[in-house]
Participant: 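Pasting a structure here, questions to come.
When reading the values below, keep in mind they use all heavy atoms of this one structure, side chains included, and skip hydrogens, waters and symmetry mates. Predicted, not measured: the structure shown is a model, and the values here were computed from it. Within every chain, numbering begins at 1; the chains are lettered A, B, ... in the order of the sequence lines, protein sequences first and strands thereafter.
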There are 2 protein chains.
Amino acid sequence: MSDATTYTISQLAKEFEITTRAIRFYEDQGLLHPTREGQKRIYLSKDRVFLKLILRGKRLGFSLAESRGLIELYNPIGNNRVQLKTMVDKITNKQKTLDQQLHDIQIMKNDLKKAEQRCRLAMDKFDT
Amino acid sequence: MSDATTYTISQLAKEFEITTRAIRFYEDQGLLHPTREGQKRIYLSKDRVFLKLILRGKRLGFSLAESRGLIELYNPIGNNRVQLKTMVDKITNKQKTLDQQLHDIQIMKNDLKKAEQRCRLAMDKFDT
DNA sequence: CAGTAAGTTTACGTTAACGTAAACGTTAAT
DNA sequence: ATTAACGTTTACGTTAACGTAAACTTACTG
């Protein structure tokens, strides 16, 4: 499970088509925690997973703060009852927004389908 | 089809739980086109539909520019072949990003489910 | 040993999407 | 007549998420 593969900052930048600036910024915001080899940042596969999560979050319109919240759910889990309860609440909330998004997407897909049909009908008339 | 219901800016603001400032801003950006009664803005049901669309877009992380693009799909459709082709392309692109978002949501929902299970397991151990 | 390729820090600039405040005009009620 | 509730325009302020640039180090490469 503990993948020992490491990555440089430019490797990750290339793979995910983002800038190194962005990656360093995510670190500033506490989303990534690369180790150092001298001055240089070394990223573990864990960081790569988190990066994926960040970008997935961005595609869904999440802020970096929200993605940081999601990343924290990957941690070895809080110690006491209260922390666990808080965690479950956070999870439940996220699940609700995801379900809302699912619903929104269905509506939009329907609207787009209708719009597409209108276009195709109008185009057909040109071809007569 | 032509609903004659009209709305004041504060009615819409209250209904959708946004500020009047935001609504005026959307007009500035060319997303809404209320008529005027003297100085005051009067919104038709069409505007209300567009407002819904804007907020739905926001929940999915769309920019106002993107939502404006979506609104334009509701128009009486472009005149010539080229415009129609452009329109269909835009629609196809949006459909792709929506499908990508659907995929992203499935993954996230799965991750959240696992995280929730870990939490519940940890909580069960407290109750023994 | 000069060059260049990849890394670093520091810092100011930029865009989107409003928030906030000032200063003012209607209309209705007290 | 004044206060309240709602509306208007104009304009500066704010936050997030980087972009861009400068100035520098480290490592290899011809």
Participant: Which nucleotide in the set D:dA17, D:dG19, D:dT8 lies at the smallest distance from any side-chain heavy atom of B:Q39?
Facilitator: D:dT8
Participant: Quick check with a 6.0 Å cut-off and a 45 degree axis cone: is B:K14 positioned over the face of B:Y7's six-membered ring?
Facilitator: no
Participant: Quick one: does B:T8's side chain have a donor or acceptor within less than 3.5 Å of a partner on B:Q11's backbone?
Facilitator: yes
Participant: Ignoring backbone atoms, test whether B:Y26 places a side-chain nitrogen or oxygen under 4.0 Å from the OP1 or OP2 oxygen of C:dC18.
Facilitator: yes
Participant: Mind calculating the distance between CD (A:E66) and C1' (D:dA16) to the nearest angstrom?
Facilitator: 12 Å
Participant: Nearest to the side chain of B:L64 - D:dC18, C:dC18, C:dG7?
Facilitator: C:dC18
Participant: Whole-Å distance between C:dT26 P and B:E37 CD?
Facilitator: 14 Å
Participant: Please determine, for the side chain of B:R21, which listed nucleotide (D:dT9, C:dT9, D:dA11) has the closest atom?
Facilitator: D:dA11
Participant: Is the shortest side-chain N/O distance from A:T19 to OP1 or OP2 of D:dC18 below 4.0 Å?
Facilitator: no
Participant: Nearest-Å distance, CG (A:L55) to P (D:dA17)?
Facilitator: 13 Å
Participant: Measure from NZ or CZ of A:K114 to the centre of the six-membered ring of B:Y74 and say whether it is under 6.0 Å with the direction within 45° of the ring axis.
Facilitator: no
Participant: Could you work out which one of C:dT9, C:dT20, D:dA27 sits closest to the side chain of A:K40?
Facilitator: D:dA27
Participant: Quick one: B:Y43 OH to D:dT8 C1', roughly how many Å, whole number?
Facilitator: 11 Å
Participant: Has the side chain of A:R118 got a donor or acceptor atom that lies under 3.5 Å from a matching backbone atom of B:L73?
Facilitator: yes
Participant: In whole angstrom, what separates B:F25's CZ from C:dT20's P?
Facilitator: 15 Å
Participant: C:dA6, OP1 or OP2 - any side-chain N/O from A:T20 closer than 4.0 Å?
Facilitator: no
Participant: Could you tell me the separation between the CD1 atom of B:I42 and the P atom of D:dC6, rounded to a whole number of Å?
Facilitator: 15 Å
Participant: Quick check on C:dC18: is either OP1 or OP2 less than 4.0 Å from any side-chain nitrogen or oxygen of B:K58?
Facilitator: yes
Participant: For B:Q29 and C:dT15, give me the distance from atom CD to atom C1', rounded to whole Å.
Facilitator: 11 Å
Participant: Considering just the side-chain nitrogens and oxygens of A:T8, establish if one lies under 4.0 Å of OP1 or OP2 belonging to C:dG7.
Facilitator: yes
Participant: Taking NZ, NE, NH1 and NH2 as the nitrogens, is one of them in B:D99 or A:K109 under 4.0 Å from a carboxylate oxygen of the other?
Facilitator: yes
Participant: OP1 or OP2 of D:dA5 less than 4.0 angstrom from a side-chain nitrogen or oxygen of B:S10, does that happen here?
Facilitator: no
Participant: Let me know the distance between CG of A:L31 and C1' of D:dA16, rounded to the nearest Å.
Facilitator: 13 Å
Participant: Heavy atoms from C-beta onward define the side chain here; which of C:dG7, C:dC18, D:dA17 lies closest to that of A:R24?
Facilitator: C:dG7
Participant: State whether A:R41 places a side-chain N or O below 4.0 Å from either non-bridging phosphate oxygen (OP1 or OP2) of C:dT8.
Facilitator: yes
Participant: Between B:E66 (side chain only) and B:S63 (backbone N and O only), is there a donor and an acceptor less than 3.5 Å apart?
Facilitator: yes
Participant: By nearest atom, which of the nucleotides D:dC18, C:dT8, D:dT8 is closest to the B:R36 side chain?
Facilitator: D:dT8
